[in-house]
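Okay, structure first, notes after.
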Amino acid sequence: MNLVDVLLNADVSKILKEETKRIEIERLSKILGKKFEIEIKPIPAKRYTEIQSISVDVDSKTKNTNVNLYKMQMLTLCDGIKTPNFADENLLKHFNAFTPMDLFNKLFLAGEIADISNEIGKLSGYDNQKNKKDIEEVKN
């Protein structure tokens, strides 16, 4: 049986099923006295590429490129966190935040943002070492 036959006999719903993962933010669990978990999901390939493109700044004079890692991580969190809904109006108002990115800055420490972003990247088919190499290639 060749690969095409294997794919034709495959259960499409199993292949297309969105894999999710729950991550506990231990610091917030301790502060709140209740387990603080977020559910993350993979980001589709086209959107992931858009996030990467949006996060590259090009200096028009020198033609130098710079990867805005902060922007990349924030956009990754926006698209890759399934629950809770950080765009909830009441939640944003409660924390005096205008956008989910504002709220992420208030809730999460820098390392937590990086860790969440990395986990979303893994679910999306990237590993950390490859991402770092890709970022360095874009910079150069």
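Any value given below was found using the heavy atoms of this structure, including those in side chains, with hydrogens, waters and symmetry copies removed.
In this structure, the side chains of Val56 and Asn68 stay at 4.5 Å or more apart for every pair of heavy atoms. For the pair Glu24/Phe36, no side-chain contact is recorded, criterion being any heavy-atom separation below 4.5 Å from C-beta on. Using a 4.5 Å heavy-atom threshold, the side chains of Ile23 and Glu37 count as separate. Residues Asp57 and Thr65 form no side-chain contact, since every pair of their non-hydrogen atoms from C-beta on lies 4.5 Å or further apart.
Between Ser55 and Lys71, the shortest heavy-atom distance links the atoms OG-C, 3.9 Å. Of all heavy-atom pairs spanning Arg27 and Phe108, the tightest one is NH2-CA, 3.8 Å. In this structure, Ala97 and Asp102 approach most closely via the heavy-atom pair CB-CB, 3.6 Å.
Val67 and Val58 fall within the same hydrophobic cluster, where Ile, Leu, Val, Met, Phe, Trp and Tyr residues are linked whenever their side-chain heavy atoms come under 4.5 Å apart, directly or through other members. Transitive grouping of hydrophobic side chains (ILVMFWY, heavy atoms separated by less than 4.5 Å) brings Ile31 and Ile25 into a common cluster. Both Leu107 and Leu32 sit in one connected hydrophobic cluster of ILVMFWY residues. Membership requires side-chain heavy atoms under 4.5 Å apart, directly or through other members. Two different hydrophobic clusters hold Leu109 and Met101 under the rule that ILVMFWY side chains link at heavy-atom gaps under 4.5 Å.
With values rounded to the nearest 0.5 angstrom, Glu19 atom CD is found 10.0 Å from Ser124 atom OG. Distance NZ/Lys35 to CG/Leu28: 14.0 Å, rounded to 0.5 Å. Annotation: the span from Ser117 atom OG to Phe104 atom CZ amounts to 10.5 Å, rounded to 0.5 Å. Here Glu112 contributes atom CD and Ile38 contributes atom CD1; the two are 9.5 Å apart, rounded to the nearest 0.5 Å. Between the CG atom in Asn105 and the CD1 atom in Ile113 there is a gap of 5.0 Å [rounded to 0.5 Å].
The number of heavy-atom neighbours closer than 6.0 Å to NZ of Lys106, taken from other residues, nucleotides and ligands shown, is above 12.
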Stepwise side-chain contact (heavy atoms from CB on, under 4.5 Å) test for Leu92 and Leu103: CA-CA 7 Å; Leu92 291 171; Leu103 186 54; 4.1 Å; yes
Residues Ile43, Ile51; criterion side-chain contact (heavy atoms from CB on, under 4.5 Å); working and verdict: CA-CA 10 Å; Ile43 298 173; Ile51 289 171; 4.1 Å; yes
Ile54/Leu75 under side-chain contact (heavy atoms from CB on, under 4.5 Å): CA gap, chis, key distance, verdict: CA-CA 9 Å; Ile54 292 167; Leu75 291 170; 3.9 Å; yes
Residues 76-90, side-chain donor-acceptor partners within the protein, below 3.5 Å, at least two apart:
{"from": "Thr76", "atom 1": "OG1", "to": "Met72", "atom 2": "O", "distance (Å)": "2.7"}
{"from": "Asp79", "atom 1": "OD2", "to": "Arg47", "atom 2": "NE", "distance (Å)": "2.7"}
{"from": "Lys82", "atom 1": "NZ", "to": "Glu18", "atom 2": "OE1", "distance (Å)": "3.4"}
{"from": "Thr83", "atom 1": "OG1", "to": "Glu39", "atom 2": "OE1", "distance (Å)": "3.3"}
{"from": "Asn85", "atom 1": "OD1", "to": "Ala87", "atom 2": "N", "distance (Å)": "2.9"}
{"from": "Asp88", "atom 1": "OD2", "to": "Asn90", "atom 2": "N", "distance (Å)": "3.0"}
{"from": "Asp88", "atom 1": "OD2", "to": "Leu91", "atom 2": "N", "distance (Å)": "2.9"}

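Not one N or O on the side chain of Glu119 forms a donor-acceptor pair closer than 3.5 Å with the backbone of Ile116.
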